[in-house]
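Worksheet for the structure shown next.
Naming convention: chains lettered A, B, ... in sequence-line order (proteins, then strands); numbering from 1 in each chain. The basis for the numbers below is simple: all heavy atoms, side chains too, and nothing from hydrogens, waters or symmetry mates.
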Protein chains: 2
Amino acid sequence: MHHTQLLEDLRRRGYRLTPQREAVLEILATSAGHISADEIIARVRKRYPHINKSAIYRTLNLFVHLGWVNPTDLGNGCMTYEWHRDPHHHHLICHQCGKMTSIGAEVFTSVEKILRDEYGFTPCLDHFAIFGLCRECAKRKKRSRS
Amino acid sequence: MHHTQLLEDLRRRGYRLTPQREAVLEILATSAGHISADEIIARVRKRYPHINKSAIYRTLNLFVHLGWVNPTDLGNGCMTYEWHRDPHHHHLICHQCGKMTSIGAEVFTSVEKILRDEYGFTPCLDHFAIFGLCRECAKRKKRSRS
DNA sequence: TTAAGTGCAAATCATTTGCATGGAT
DNA sequence: ATCCATGCAAATGATTTGCACTTAA
């Protein structure tokens, strides 16, 4: 789906097509991965310096509500947003060194099946953050223990 | 491990055994499931009305650091804490109706294995919140769509 | 005795909100 | 001409912090 179609979709759903919304859409759709609200505000303002912070927050909430954007809590005190484009994937976050690694969604297919079949639950596994220890930090910890 | 042992453990590790810490420990260890900091403060104060909010937050952070308590973000804007006693389990949270269901940890054994074997990542799967749609809300949604 | 811990109030910081104004339809 | 969306500043609300005082060791 291309930008212009989405913008048209906005109008069709009864929302107004404002420059602010266009700007946020443009930034999100041309940015890869997770971006914090703060980062989004910065990038939007680099091009459109007058745009207000609240309008961007409101726009982000709208896009999330429309399902165009995934909000994810990466555990660093603020929400991050990700444009719905990349194939579904999850994140391994090392809570020692903070390193983040992406993993494919296949890892969770078995879990998804169990949840559906045994619990009747339809999980939203679009944006998942798994905390733990990365290889290096696990090694370092082991070494310091011995 | 019994309370008194834990309290002894505190001292052994060089921390002081204060009435505040005893109170928080007592509340946590006798409360089931996830409790928000606010709820913990309320319960502690019901018995020890003079205890300060900051001291409780600091104590919670200490207990988390000691691994006695699991902090979990259930997506409702505040952290919840859970005493390390119950067998490991996770939570299905319906983001339509908010209902929370506990599930056993076995569901994730396959994921854990893959992460370890293929990514060298040691996941901390103690406290996991999976958002999605519960059976009832999925049904309701389906119905309203048709 | 003395450093660690507490109480208190003030500070943070991401996010939201009330309200007057502006602009898309 | 509507009334939805924006800008601004102020509010919120969970959590943290600076600092003087207390207390467990």
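- For the residue pair B:Ser54 / B:Asn52, a side-chain donor-acceptor distance below 3.5 Å is found, with atom types taken as modelled.
- C:dG7 atom C1' lies 19 Å from atom OH of B:Tyr48, rounded to whole Å.
- Listed nucleotides: D:dA9, C:dA9, D:dT15. Nearest to the side chain of A:Ser54: D:dA9.
- Checking D:dA14, D:dT2, C:dA4 against the side-chain heavy atoms of B:Arg16 singles out C:dA4 as nearest.
- Look at B:Tyr57 and you won't find any side-chain N or O under 4.0 angstrom from OP1 or OP2 of D:dT16.
- With rounding to whole Å, A:Lys53 atom NZ is found 14 Å from C:dT17 atom C1'.
- In this structure, B:Gly14 reaches neither bases nor backbone, as no heavy-atom distance under 4.0 Å exists between it and the strands shown.
- Applying the 4.0 Å criterion to OP1 and OP2 of C:dT15, one finds that A:Asn61 has every side-chain N and O outside that range.
- With distances taken from any side-chain atom of A:Arg58 to the nucleotides C:dA24, D:dC8, D:dA24, the minimum falls on D:dC8.
- Side-chain polar atoms of A:Ser36 and A:Asp38 form no donor-acceptor pair below 3.5 angstrom.
- Looking only at atom types and distance, the side chain of B:Thr72 has no donor-acceptor partner in the side chain of B:Thr80 under 3.5 Å away.
- The separation between A:Met79 atom CE and C:dT15 atom P is 8 Å, rounded to whole Å.
- Using the six-membered ring where Trp is involved, B:Phe63 and B:Trp83 have ring planes that are perpendicular, over 60° apart on the 30 and 60° scheme.
- Residue A:Leu17 contributes atom CG, which lies 16 Å from atom P of D:dC4 at whole-angstrom precision.
- Distance, A:Arg21 CZ to C:dT25 P: 10 Å, rounded to whole Å.
- Nearer the 5' end of DNA chain D, as judged by each residue's closest nucleotide, is the contact made by A:Ala55, out of B:Pro19 and A:Ala55.
- The separation between A:Leu60 atom CG and D:dA5 atom C1' is 15 Å, rounded to whole Å.
- The side chain of B:Cys78 lies closest to D:dT15 when the candidates are D:dT15, C:dG5, C:dT15.
- Note: CG (A:Asp73) to P (C:dC13) measures 18 Å, nearest angstrom.
- For A:Tyr81 and A:His34, the distance between ring centers is not under 6.0 angstrom.
- Proximity of A:Gln20 to the phosphate of D:dG7: a side-chain N or O atom is located under 4.0 Å from OP1 or OP2.
- In the set D:dT6, D:dT15, D:dA5, D:dA5 carries the atom at the smallest distance from any side-chain atom of A:Tyr15.
- Between A:Arg12 atom CZ and C:dT25 atom P the separation is 13 Å, expressed in whole Å.
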